[in-house]
Amino acid sequence: MRTDGGANDAALVHAAQRGDREAFGTLVSRYASSILNITSRMLGAAGDAEDVAQEAFVAAYRSLPGFQLGAKFSTWLYRIAVNKCHDALRARRPGTISMDVADDDGERATWEAVDEQTPHWELEQVELAWELDQAIDALPAVYRESFVLKHIEGLGYDEMSEILGVHRDTLKMRVYKARTLLCQSLAHLAGAAVRGIKV
Amino acid sequence: MTDAERLLQRFLDQELSAEERVQFIARLGRDEALRQRVIALEQLALAASRLPRLGVPAGFVDQVLARTVPVRPAASRWLADLLLAPRTLRWNLASAMAVVCLVAAAAGAIFTSVASERVTNPAGSASVGNELARPVLVRLVVVQPAANTVEVAGDFNGWDPGRTPLEQAPGGAWTVTLPLEPGRYEYMFVVDGKEWIIDPFAVEQNDDGFGSRNAVIDVRPPRGSV
């Protein structure tokens, strides 16, 4: 899902550190999609995701001279993007960063697997994507960012821990609770787009 | 989380030992509700991984680059290059030593005239040009009598204050001398490792793009240099 630059990233960063703006432009192109997806899903549909993504890249560019070449560029960049999202969330709601975490003691949704693909499969997938997007948007921020990094960006817990500055065991709990909350939110789609859900 | 939830989480994250996993799968065969729950959670992760990716708007890269200014190589890198070139090394060490002596001699006069918070203007004063070498020695001075440490972060050190501590001088002043190539540099002082302050008497200040302002120093080539 996400781009894995490997050693090539290091070469581009090294060139960018020496003032090669074209090299930095290549890095922006490479990670624009991932950063935009992170900012848009963390910030929801409020519309400032693109601007925050740009701010993340600009901040990264300014900090390039201090970047240690032994580090992983994508992890470093994601951390900047996540911090920019936190800043944007604080600006929206002064005094909070939407760290409101609901207790997970509510009813449990269960899903039913359906093997057959119906003629409406594609339409159902579009509906599912829309519903899932809405449900992710409604998650508490700490659950949302963990779920997005884990299941949409496909990161491992160690890298997530480095990006978010949160212990990996805590992140596992957050991802699990995010999944559970999303199951509850999507329970109304019983038997439909998500290949069958029933409560 | 309850023990049951933690077990489920560990199963989903594939953290169970082989023995635990066998036991859990056996339990799934007996517990229909649990089986449905596991399927639901796995389906959700699958659906999330298949969510359509947002496209990158046209012109996004150009807009980012338009918001950046060229990066100068870090001073440490420049110094490394300088020191690795024997021909340059001889000229700079000799000339730098001479300039340091001049700066030290002038320091007393500067500090005794301190009456305000600021001692020297970094953009104009205390920059001593080396007539033979490209770098210019620039002296930064700020008065912070209550500080335990003062550092400077800027374009010249990768914005890493740890690389450039200032030394305490009489009168509550802190000072450092930097060899800089001619050019424009933004910087801020860092007091006690946590408080970032702008040089209040900097001739020029620049918006850093993040709601704050940096001091700007314009290092000019020494007179008579090519």
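The figures here come from the full heavy-atom set of this structure, side chains too, leaving out hydrogens, waters and symmetry mates. A, B, ... follow the sequence lines: proteins, then strands. Residue 1 opens every chain.
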Check: Side chain of A:Arg21, backbone of B:Leu65: donor and acceptor closer than 3.5 Å?
Finding: yes
Next item on the list: Report yes if some heavy atom in the side chain of B:Pro57 is under 4.5 Å from a heavy atom in the side chain of A:Leu36; otherwise report no.
Entry: yes
Check: Roughly how far apart are A:Cys183 SG and B:Ile39 CD1, rounded to 0.5 Å?
Finding: 11.5 Å
Item checked: Value rounded to 0.5 Å, distance of CH2 in B:Trp159 from CG in A:Leu64 -> 14.0 Å
Check: So do the side chains of B:Arg53 and A:Ser34 get within less than 4.5 Å of each other, counting heavy atoms only?
Finding: yes
Item checked: side-chain hydrogen bond (donor to acceptor under 3.5 Å, both in side chains) involving A:Gln54 - partner list, sequence neighbours excluded -> B:Gln63, B:Arg67
Note to self: Minimum heavy-atom separation for A:Pro65 and B:Arg163, please, with both atom names.
What the structure shows: O-NH2, 4.1 Å
Margin query: Just so I know, are the side chains of B:Glu5 and A:Thr180 near enough to count as touching, which here means a heavy-atom distance under 4.5 Å?
Written below: no
Item checked: Closest approach of B:Val56 to A:Ser33 (non-hydrogen atoms, all atoms of both residues) -> CG2-N, 3.6 Å
Notebook entry, point to check: Taking the side chain as C-beta and beyond, is there a heavy-atom pair between B:Val64 and A:Phe24 under 4.5 Å?
Noted result: yes
Note to self: So if I take each residue of residues 6-22 of chain B and look for any heavy atom under 4.5 Å from a heavy atom in chain A, which residues do I end up with?
What the structure shows: B:Leu8, B:Gln9, B:Leu12, B:Asp13, B:Glu15
Margin query: Measuring from atom CZ of A:Arg179 to atom CD of B:Glu42, what distance do you get when rounded to the nearest 0.5 angstrom?
Written below: 5.5 Å
Check: Are A:Arg62 and B:Thr68 linked by a side-chain donor-acceptor pair shorter than 3.5 Å?
Finding: no
Next item on the list: Counting only heavy atoms closer than 4.5 Å, note whether A:Ile136 contacts chain B via side chain, backbone, both or neither.
Entry: side chain
Checklist line | B:Val61 side chain near A:Thr26 side chain, heavy-atom distance below 4.5 Å | finding: no
Check: Do B:Leu51 and A:His151 pass the side-chain contact (heavy atoms from CB on, under 4.5 Å) test, and can you show the C-alpha distance, the side-chain angles, and the key distance before you say yes or no?
Finding: CA-CA 10 Å; B:Leu51 279 176; A:His151 288 303; over 6 Å; no
Notebook entry, point to check: Hey, what do you get for CG (A:Leu182) to CG (B:Leu41), rounding to the nearest 0.5 Å?
Noted result: 9.5 Å
Check: Side chains of B:Ser49 and A:Ile152: closer than 4.5 Å at any heavy-atom pair?
Finding: no
